[in-house]
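Here's the structure, in structure tokens; my notes come after.
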Amino acid sequence: GIDLSWLDVLRGDFEQPLSRSEPAEKNNRHVYLHAPGGAGKSYAAAELFNEFLETGRLVPLYLDLARFTENAVRVAGDAEAVIPRLLAGQLLEQDGAAEELAALLSAQTEGAAQYYLVLDNLHKTEKTVYPQVLAAVNHISRCWHNTRLLVVGRAEDPVRGEAAEPAEAV
């Protein structure tokens with residue numbers, strides 16, 4: 001087997017592929033960290049985020065998925081538009097730039113991805129929008145060709161591997 005730390009996996013700095021049929025870069029394009037609270041998920045993501053800021057290898061972006069609410073879907077018009085709209089509002093302080101930001105993050109470029117998007121707190125999304133969050137994340141994983149994706153969530157029972165229940169609407 002391959003002995004890797006979470007940070008090694010997130011960095012993609014290992015030389016061996018995770019399977020014999022696909023190269024490591026393709027296997028490691030998107031990662032979902034699913035572990036109990038306090039297991040080091042946010043720490044590993046923050047370390048990698050800082051490393052990318054220092055080296056310029058990738059442009060790191062961060063979004064707390066707890067902000068993906070029913071109201072955010074209503075304002076954006078559909079679930080696929082919520083994440084770019086929230087990112088544009090957070091980064092540029094103008095959510096009207098969401099379409100341009102989505103185009104930038106999805107552009108097909110020669111070589112490796114240029115952006116690293118951390119979508120944190122999947123377990124904190126409201127139950128009512130949880131399916132829409134998953135649809136939006138799946139859309140990003142398929143269509144944002146210029147972006148590597150890290151989705152971070154919490155496990156209630158790490159032994160059985162059951163996901164934490166999405167948060168109740170407040």
Side-chain angles (χ1 to χ4, degrees), residues 4 6-14 16-35 41-42 44-45 48-49 52 57-92 95-155 161-164 166-167:
L4 301 169
W6 282 8
L7 202 50
D8 290 333
V9 171
L10 294 178
R11 276 189 192 121
D13 285 344
F14 50 92
Q16 295 174 301
L18 295 178
S19 76
R20 292 189 175 148
S21 63
E22 297 182 73
E25 183 177 310
K26 184 170 184 181
N27 272 315
N28 196 41
R29 179 182 158 100
H30 306 302
V31 175
Y32 175 49
L33 286 183
H34 176 120
K41 301 175 302 294
S42 295
L48 189 64
F49 203 92
F52 288 155
R57 179 174 160 205
L58 292 170
V59 176
L61 305 167
Y62 175 90
L63 184 65
D64 184 344
L65 285 174
R67 296 180 57 213
F68 196 121
T69 62
E70 286 184 42
N71 187 53
V73 175
R74 260 192 309 279
V75 169
D78 69 46
E80 290 178 5
V82 173
I83 291 174
R85 185 175 177 85
L86 291 174
L87 278 172
Q90 176 179 293
L91 298 171
L92 309 170
D95 50 4
E99 288 181 24
E100 292 85 357
L101 183 61
L104 179 68
L105 298 173
S106 64
Q108 290 198 350
T109 58
E110 298 265 336
Q114 296 175 341
Y115 301 94
Y116 199 86
L117 176 57
V118 176
L119 298 174
D120 200 4
N121 294 319
L122 177 63
H123 60 284
K124 289 185 179 179
T125 59
E126 298 170 355
K127 284 184 179 184
T128 55
V129 295
Y130 195 75
Q132 294 169 304
V133 172
L134 295 182
V137 169
N138 285 332
H139 171 75
I140 288 170
S141 73
R142 286 188 318 272
C143 300
W144 289 20
H145 305 287
N146 205 13
T147 305
R148 289 177 63 186
L149 185 60
L150 169 61
V151 180
V152 181
R154 183 175 291 175
E162 294 176 355

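All heavy atoms count here, side chains included; hydrogens, waters and symmetry mates do not.
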Interatomic distance, CD1@Ile140 vs CG@Leu105, rounded to 0.5 Å, equals 8.5 Å

Closest non-hydrogen atoms of Leu58 and Tyr115, given as atom of the first, atom of the second and distance, are CD2-N, 3.8 Å

Donor-acceptor under 3.5 Å (Asp64 side chain, Arg67 main chain)
no

Tested for side-chain contact (heavy atoms from CB on, under 4.5 Å) against Leu63, the lone hit among Leu119, Val118, Asp120 is Leu119

Heavy atoms of Ala45 and Leu150 approach each other most closely as CB-CD2, 3.8 Å

Test item: His30 side-chain N/O and Ser141 main-chain N/O as donor-acceptor pair under 3.5 Å: yes

TODO: Decide yes or no for Trp144 and Ile83: does some side-chain heavy atom of the first lie under 4.5 Å from some side-chain heavy atom of the second?
DONE: yes

Separation between OG1 (Thr147) and CD (Gln114), nearest 0.5 Å, reads 9.0 Å

Evaluate the criterion side-chain contact (heavy atoms from CB on, under 4.5 Å) for residue pair Arg148 and Leu117; output intermediate values, then yes/no.
CA-CA 6 Å; Arg148 289 177 63 186; Leu117 176 57; over 6 Å; no

*Are any of the side-chain heavy atoms of Tyr116 and Arg57 separated by less than 4.5 Å?*
no

Using only atom types and a distance under 3.5 Å, with no angle test, would you say the side chain of Asn121 pairs donor to acceptor with the backbone of His123? no

In terms of heavy-atom contacts, Leu92 and Ala97 come closest through CD1-CB, 3.7 Å

Distance col, row Asp78:CG vs His139:NE2, nearest 0.5 angstrom, shows 8.5 Å

Of all heavy-atom pairs linking Ala79 and Val73, the shortest is N-CG1, 4.2 Å

* Asked: Where the side chain of Thr125 meets the backbone of Tyr130, is there a donor-acceptor pair that is under 3.5 Å apart?
  -> no

**Item:** Leu134 side chain reached by Leu122 side chain, heavy atoms, under 4.5 Å
**Value:** yes

To the nearest 0.5 Å, atom OH of Tyr62 lies from atom OG of Ser42 at 6.5 Å

In short, Val129 meets Thr69 closest at the heavy-atom pair CG1-C, 3.8 Å

On a heavy-atom basis, the closest approach of Glu80 and Ala136 is CA-CB, 4.4 Å

(Q) Using a 3.5 Å distance criterion without hydrogens, assess whether the side chain of Arg142 forms a donor-acceptor pair with backbone atoms of Asn138. (A) yes

